[in-house]
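Order of the sequence lines fixes the chain letters, A, B, ..., with proteins taken first and strands second; residue numbering starts at 1 for each chain. Not measured: the values here are computed from a predicted model.
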There are 2 protein chains.
Amino acid sequence: MGNKKGNITIYDVAREAGVSMATVSRVVNGNPNVKPATRKKVLDVIQQLGYRPNAVARGLASKKTTTVGVVIPDISNPFYAELTRGIEDIATMYHYNIILCNSDLKQMKEIQLIETLLEKQVDGLLFLGGAITEDHRAIFSATPVPVVLAATKDDKNELPYVTINQIEAAKAATSILIEEGNKQIAYIGVPLTDSVTGYPRYQGYMKSLDENRYAFDENLVEIGNGRYLSGYEAMKNLLIKNKNITSVFVATDEMAVGAIHAALDQGLSVPKDISIMGCNNIPLAAQVRPLLSTISVPLYDIGAVAMRLLTKYMNEEDIETSQVILQFDLELRDSTRIREL
Amino acid sequence: MGNKKGNITIYDVAREAGVSMATVSRVVNGNPNVKPATRKKVLDVIQQLGYRPNAVARGLASKKTTTVGVVIPDISNPFYAELTRGIEDIATMYHYNIILCNSDLKQMKEIQLIETLLEKQVDGLLFLGGAITEDHRAIFSATPVPVVLAATKDDKNELPYVTINQIEAAKAATSILIEEGNKQIAYIGVPLTDSVTGYPRYQGYMKSLDENRYAFDENLVEIGNGRYLSGYEAMKNLLIKNKNITSVFVATDEMAVGAIHAALDQGLSVPKDISIMGCNNIPLAAQVRPLLSTISVPLYDIGAVAMRLLTKYMNEEDIETSQVILQFDLELRDSTRIREL
DNA sequence: CTGTTAGCGCCTTCAT
DNA sequence: ATGAAGGCGCTAACAG
């Protein structure tokens, strides 16, 4: 069976079934214009020969690969892992596969990855992570396939995206601390140059202070890199500079947990002595003691909705909204004194 | 520039540069047999035209796609996320991309994913997770491309794999608890039907007991699903059935952390009252208090080495060892009384 | 060093 | 309902 060397092709099936390649192609692709009898015959031969369609050839001929490129900062970061799961589930649902690439937030790498993905003729691109710069916009605008941003936004609103309102999320978190009656509210964030969460969350913090007539004090602000250890260090510094703080809003859960532990190591009790709010609600937040109060960001959904939006673009369906803002939630647990609204 | 409709192709570049397609192909592929002058000319035209090679066409012609398929149980599980990072890094290093698929450990899904991946003509397959059954072996043996297992092994040694010795890892963990002088050593594992970690780690636990003349007591054994909550429940049950246990070996870190918290909630002190050993050393282990003592499994390396091995197969290099057992380490932190050897 | 010529395996009009 | 034929964009001998 099959031809001499190599794989068995649509041609082999056609010959064996006594029909043309076109007919085989039709049954493989579910085209209804095939007489049931011949369809059955072809299907039998396919079965018997163990024919496996070559998606690369199909891609070349049809100009569709049913695969999308996903550029992500770091899959080992639980934040992105959860997002990716949402993406992959919906991709599978719509019969797409994803090529996953880690960018480490390096712009050069991001650009290079996009280029590679386009060479591979992906049908669409999902971009998560870093800030969108002019360079990105230039590339994306020249891209032959649709692009959707997830968990980040385009400040110029030129690109479709799905995310949450970071400013409001940070405001909500800060407000909880204000409601608790803390006299001072410290902030541990990520670099303000990070326009995705760094700057917006800082803005939200500031806004909340402002609206509630709290004075801003730069000694109450520390910047980390988002990960556990930097949260630990940041908290240590905060405690050195200011013995009396009773609350901190930390821009990422990992840092927040680090902050809790730094406070604990200093002999402080959380939340009795110091109240700590995180942000994102990654699994870790519910796996530590005290349980972390945090802003619940719908990571899985952001990924899922972004992928769904991308399928609409790829499918040239009508798009009502190309910029989606998902809701976040307050998840008040045991690291704040207020535990419910 | 370019042809009327659609993309600019190698043909356009050839025409514009006044050379043949073959020559353009040569410079694009870094073939040295091109006069520097013409190479430059071609490169210029490529630049000027913004030519982007079509990897799908190349794949069809060359029968190589430089992409590999990765079948993984669940990317949102930190254990696999870390492994995947190792895979992707090495893949990138060797100029491969990865198509990532979540199987949720469902055999039907696994098989279907493999089929899809093969249709897409991946150059190789990396399979992680579930136990290898006869069905798997049948599929893999009929696969036209190399397959490497990661973090799992083929009991029949027919397939290449890279993992650690799960039995020895569990033995080492249990031994620590024995060295501490605990009279009883409890075990919280995953189902024994899981032949990847469930059964082997249970075996290791048993072996260690046996070699040290500890009596086996089924009341000291609980089975969970590997995740935090089930560890918490398991520990609660253990404590109900047996008030006096002073040590537990828990087969996964997430469950171990759950176990710690269950003990804490029961008013016990860890490790003073009860000593807890985890296994895997995922980031979580170093982000809780007390810091979790655990077996450090080189997750990233398993992924990296597996991918490297796969490149060797795809490249038809000589393979010295197709079955690689990586070393694990003892990571003694604060949840055990013994904190160093 | 460079050009010519076949395909790679499939889809897709266009006829029939 | 089915077949014939021309690409899709590129690589890979084979000549020269």
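- With Asn31(A) contributing its side chain and Asn33(A) its backbone, the two residues share a donor-acceptor pair below 3.5 Å.
- The CG-C1' distance, from Asn29(A) to dC10(C), rounds to 9 Å in whole Å.
- The phosphate of dA12(D) has neither OP1 nor OP2 within less than 4.0 Å of any side-chain N or O from Lys63(B).
- Asn315(B) and Tyr94(B) share no side-chain donor-acceptor pair at under 3.5 Å.
- Minimum atom distance to the side chain of Leu60(B) is reached by dG9(D), of the listed dC11(C), dG9(D), dC10(D).
- You'll find that the side chain of Lys35(B) is closest to dT2(C), out of dT11(D), dT2(C), dC10(C).
- The nearest whole Å value for the distance from the CD1 atom in Ile8(B) to the C1' atom in dG9(D) is 11 Å.
- Residues Tyr300(B) and Asp89(B) form a side-chain contact, since some pair of their non-hydrogen atoms from C-beta on lies under 4.5 Å apart.
- Without hydrogens or angle criteria, Thr321(A) side chain to Gln323(A) main chain gives no donor-acceptor distance under 3.5 Å.
- Counting non-hydrogen atoms under 4.0 angstrom, Val28(B) reaches nothing in the nucleic acid.
- Residue whose closest nucleotide on DNA chain C sits further toward the 5' end, between Ala57(A) and Arg26(A): Ala57(A).
- Going from atom CG of Asn33(A) over to atom P of dT13(C) covers 13 Å, rounded to whole Å.
- Not one side-chain nitrogen or oxygen of Tyr11(A) sits closer than 4.0 Å to the OP1 or OP2 atom of dA4(D).
- Taking side-chain N and O atoms only, Ser20(A) has no distance below 4.0 Å to OP1 or OP2 of dT2(D).
- What separates NZ of Lys120(B) from P of dC10(C) is a distance of 15 Å, to the nearest Å.
- Using a 4.0 Å heavy-atom distance criterion, Val19(B) is classed as a sugar-phosphate-only contact.
- The side chain of Asn54(A) contributes no N or O atom lying less than 4.0 Å from OP1 or OP2 of dC8(C).
- We find that NZ of Lys64(B) is positioned 13 Å from C1' of dA12(D), with the value rounded to whole Å.
- Dashed line: the shortest gap from a side-chain N or O of Arg58(B) to OP1 or OP2 of dT11(D) is under 4.0 Å.
- Ranked by how close their nearest DNA chain C nucleotide is to the 5' end, Pro36(B) and Ala22(B) are led by Pro36(B).
- Nearest to the side-chain atoms of Ala61(B) among the listed nucleotides dC8(C), dC10(C), dT2(D) stands dC8(C).
- Here dC8(C) presents its C1' atom at 14 Å from CD1 of Ile10(A), a figure rounded to the nearest Å.
- Here the C1' atom of nucleotide dG7(C) and the CE atom of Met21(B) are 12 Å apart, to the nearest Å.
- Ile99(B) places none of its side-chain heavy atoms less than 4.5 Å from the side chain of Asn97(B).
- Residue side chain Arg52(B) does not reach the base of dG9(D) through any donor-acceptor N/O pair under 3.5 Å, judged by distance alone.
- The residue Ser25(A) sits close to a base: some heavy atom pair falls under 4.0 Å.
- Two residues, Thr38(A) and Pro53(B), neighbour DNA chain D, and the one matched to the more 5' nucleotide by heavy-atom proximity is Thr38(A).
- With hydrogens and angles ignored, the 3.5 Å screen pairs a side-chain donor or acceptor of Ser141(A) with a backbone N or O of Arg137(A).
- In this entry the distance linking CZ of Arg15(A) with P of dT2(D) reads 20 Å, nearest Å.
- Not one side-chain nitrogen or oxygen of Ser62(B) sits closer than 4.0 Å to the OP1 or OP2 atom of dC10(D).
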